[in-house]
Amino acid sequence: MNWNKVYGLSLRHFYLIKSSFPRILDLIYWPSIQIFLWGFISKFFTLSSSYYNNTVGVILSAAILYDFLFRSSISYNMMFLEEIWSRNFTNLFISPIKIKEIIAALTLTAMVRTLIGMVPAALLAIPLFGVSIFKIGLPLISLLLSLYVFGITLGLLVTSGLIRFGPSFENIAWASLFFLAPLGCIYYPIEILPEWLQIVAKILPLVHIFEEMRNILINDIISYTQIFLAIAISIFYFVLGVIVFYFSYAGAKIRGTLINVGE
Amino acid sequence: MKLEVKNLEKKFKNFTAVNNVSFCINEGETLGVLGPNGCGKTTTIGMLLGLIKPSNGKILIDEENFENLNREKVLSKFNFASPYVELPKKLTVKENLEIYGRLYGVKELSKRIQEISKDLNLESFLNKKTGELSSGQKNRVSLAKSLINYPKILFLDEPTASLDPDIGDFVRKYIEEYKSKNKISILLASHNMREVERLCDQVIMMKEGKIVDSGTCKSLIDKHGRNNLEDTFLKLARNKNELE
């Protein structure tokens with residue numbers, strides 16, 4: 001791994017963010033809007049629901065964590081799409097950069113983009129609704145890590161599709177997370193799902209992450225097994241995502257689609 | 001650096017885009033690739049740049065098969081410029097050159113950026129966003145990017161397309177001087193026959209994925225009994241029987 005090249009490609013995205021105030025505003029705007037929306041919904045639920053009545057902010061915390069996942073995945077996709085939209089794709093893929101260096105650069109830069117949006121939103125929730133995700137404590141780091149790895153994995157799968165099918169796959173980029181959201185049990189316990197769907201949901205890391213979050217916030221219990229499971233499943237999917245990306249890249253070279261992407 | 005292509009072929013399902021193409025570019029030589037749209041020029045360049053996997057044939061770099069060489073090592077000695085491939089528009093010229101300099105592992109990058117900016121007259125708009133430049137300026141920036149890593153083999157796809165005669169001449173002159181000074185090999189795909197006559201040592205003419213004729217510009221003109229390369233090209237491109 002040549003870190004100078006990783007830094008070089010990351011720099012391309014930092015310069016892009018730095019060059020445009022509306023771009024920075026856009027990164028902060030949507031997570032903050034989510035906080036407002038879910039903050040009021042959360043407030044209403046805490047007043048009206050016996051399940052949530054002792055735990056202010058469970059829904060809002062879930063909304064923040066889900067948005068973290070959403071932002072990390074979208075950031076990864078956006079950076080890849082940025083190369084297609086700017087017709088820079090060919091220049092990038094003929095440069096002497098390895099695929100793993102491209103993945104590393106996009107993964108690291110996606111983290112910065114995600115944090116630019118999420119840190120202000122998470123801080124905003126404290127004075128506005130009296131909800132702090134930092135109440136989760138140290139396990140929060142593990143949960144965020146797991147969400148981030150899974151978000152990047154979804155990004156990898158979408159970018160594999162972009163390489164395979166071209167820019168027409170772009171719509172899937174936006175739809176991918178909404179597809180998984182119902183199975184992630186973000187705002188409700190897993191028991192709500194039919195039994196057969198619970199089995200499907202359990203093979204995703206999201207259920208384990210959000211169940212654990214509720215476990216900590218409502219019952220004040222930390223299950224390290226659940227946290228470990230969430231990270232392990234996320235890493236498993238990440239490795240799978242990398243393999244799919246490599247296959248997709250090799251396939252695109254055979255089909256000759258790399259040279260036409262962005263045109 | 002010598003680039004040799006032997007029996008190169010690319011098939012997309014039932015369609016043969018490049019059919020049994022062979023040529024050689026010796027060190028310090030410029031090879032012109034001519035042919036009508038869809039004749040397989042871009043696919044050939046794509047295979048040479050490692051973007052497309054050939055169905056058959058060999059690409060030899062200094063007598064060694066590209067497939068057996070380290071991809072990144074080979075690509076660090078190549079570069080490419082085309083008006084159809086752009087650099088990120090929201091980034092300044094300097095930022096773009098810095099990024100590509102890093103990706104190509106250029107040492108003393110600031111010095112190199114300064115040097116190439118001076119050579120190609122980029123200094124006055126180095127801090128301007130690439131998307132705000134005129135097509136002539138963009139073209140020179142693209143050329144600067146393609147030379148940032150001191151390439152041994154340069155691939156140029158219509159390097160002066162859409163340029164006014166003055167800037168076109170500046171670019172051609174610069175390529176000529178750069179080549180003779182640095183002894184680089186160039187593959188030039190162009191529809192500008194005067195440009196090809198001026199820059200190329202050898203020419204291959206492609207049609208429907210095949211090489212239909214090759215030689216020096218003069219030998220081709222003489223062989224086909226025409227006055228210039230443009231008429232020769234038109235004859236080859238239009239008259240199927242002439243080719244067979």
Side-chain angles (χ1 to χ4, degrees), chain A residues 1-24 26 78-102 104-105 109 163 247 249-263, chain B residues 10-13 15 17-18 40 42-55 70-92 94-96 98-107 109 129-131 142 145-146 148-149 151 155 157:
Chain A
M1 184 86 78
N2 183 329
W3 289 102
N4 193 34
K5 290 180 187 178
V6 173
Y7 177 63
L9 187 54
S10 305
L11 212 54
R12 180 248 190 276
H13 296 285
F14 293 143
Y15 282 150
L16 189 68
I17 296 167
K18 191 198 78 177
S19 71
S20 164
F21 178 67
R23 212 175 273 267
I24 299 170
D26 184 60
M78 281 294 287
M79 287 187 294
F80 201 80
L81 281 166
E82 205 67 68
E83 305 295 1
I84 296 174
W85 293 333
S86 63
R87 300 172 71 195
N88 181 45
F89 203 80
T90 304
N91 276 329
L92 177 65
F93 278 89
I94 61 157
S95 69
I97 188 166
K98 291 178 181 150
I99 294 298
K100 63 179 177 184
E101 287 160 354
I102 294 178
T109 320
I163 285 181
F247 267 108
Y249 174 69
K253 278 173 78 171
I254 292 169
R255 282 184 299 276
T257 49
L258 281 177
I259 208 154
N260 297 322
V261 173
E263 287 185 9
Chain B
K10 183 63 195 178
K11 282 184 178 170
F12 297 111
K13 290 180 183 165
F15 172 67
V18 174
T42 307
T43 307
T44 304
I45 292 176
M47 285 190 277
L48 298 174
L49 289 168
L51 282 175
I52 300 174
K53 194 177 164 65
S55 307
N70 178 304
R71 178 187 169 271
E72 286 71 37
K73 245 183 184 171
V74 173
L75 289 181
S76 67
K77 290 170 186 165
F78 285 8
N79 216 322
F80 171 68
S82 164
Y84 311 111
V85 176
E86 294 179 10
L87 291 165
K89 298 173 194 67
K90 305 276 180 196
L91 269 55
T92 67
K94 196 177 178 183
E95 287 168 347
N96 270 317
E98 185 193 346
I99 288 158
Y100 277 96
R102 284 182 184 278
L103 294 185
Y104 279 89
V106 177
K107 287 173 185 145
L109 184 56
K129 285 186 182 171
T130 311
S142 176
K145 172 258 155 191
S146 74
I148 192 90
N149 60 323
F155 297 85
D157 185 13

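Letters go in sequence order (proteins before strands), and every chain restarts at 1.
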Using 4.0 Å as the upper bound for N to carboxylate O, is an ion pair formed by A:Lys18 and B:Glu95? yes
Taking every heavy-atom pair that is under 4.5 Å apart, which of B:Phe80, B:Phe155, B:Phe78 has the most such pairs with chain A? B:Phe80
Max heavy-atom pair count under 4.5 Å with chain B, selected residue of A:Leu11, A:Leu9, A:Val6, A:Asn2: A:Leu11
Tell me, yes or no, whether the heavy-atom count around B:Lys94 atom NZ, taken from other residues, nucleotides or ligands under 6.0 Å, exceeds 12. no
Any idea which heavy atoms bring A:Gly8 and B:Leu103 closest together, and the distance? C-CD2, 4.4 Å
Could you tell me the separation between the OG atom of B:Ser82 and the CZ atom of A:Arg87, rounded to the nearest 0.5 Å? 8.5 Å
Taking C-beta and beyond as the side chain, do A:Arg23 and B:Lys90 meet within less than 4.5 Å on heavy atoms? yes
Could you state the interatomic distance from OG1 (A:Thr90) to CD1 (B:Ile45), rounded to the nearest 0.5 Å? 11.0 Å
Is any side-chain heavy atom of B:Leu87 closer than 4.5 Å to one of A:Asn91? yes
Quick check on B:Lys145 against chain A: is it the side chain, the backbone, both or neither that has a heavy atom closer than 4.5 Å? side chain
Between CZ on residue B:Arg71 and CD1 on residue A:Ile97, distance to nearest 0.5 Å: 9.5 Å
Can you tell me how far CG of A:Leu258 sits from CG of B:Leu49, rounded to the nearest 0.5 angstrom? 11.5 Å
So, for A:Gly256 and B:Ile52, which heavy atoms are closest and what is the spacing to 0.1 Å? CA-CG1, 3.9 Å
Considering residues, nucleotides and ligands other than A:Phe14, do more than 12 of their heavy atoms fall under 6.0 Å from its CZ? yes
Per-residue contact mode, A:Arg12 against chain B (heavy atom under 4.5 angstrom): both
Contact origin within B:Tyr100 toward chain A - heavy atom pairs under 4.5 Å: side chain
Is it the backbone or the side chain of B:Phe12 that comes under 4.5 Å from a heavy atom of chain A, or both, or neither? side chain
Scan B:Asn96, B:Thr92, B:Ile99 and name whichever one has a side chain to side chain contact (heavy atoms under 4.5 Å, CB included) with A:Tyr15. B:Ile99
Side chain, backbone, both or neither of B:Lys10 within contact of chain A (heavy atoms, under 4.5 Å): side chain
Just verifying a value: how many Å separate A:Phe89 CZ and B:Leu51 CG, rounded to the nearest 0.5 Å? 9.0 Å
Okay, B:Leu91 and chain A: the region with an atom under 4.5 Å from a heavy atom over there is side chain
In terms of heavy-atom contacts, does NZ of B:Lys89 have more than 12 from other residues, nucleotides or ligands at under 6.0 Å? yes
Contacts of A:Lys98 that satisfy salt bridge (charged side-chain N to carboxylate O under 4.0 Å, His left out) - sequence neighbours left out: none
Taking side chain as everything from C-beta outward and backbone as N, CA, C, O, which of these in B:Lys129 sits under 4.5 Å from a heavy atom of chain A? Side chain, backbone, both or neither. side chain
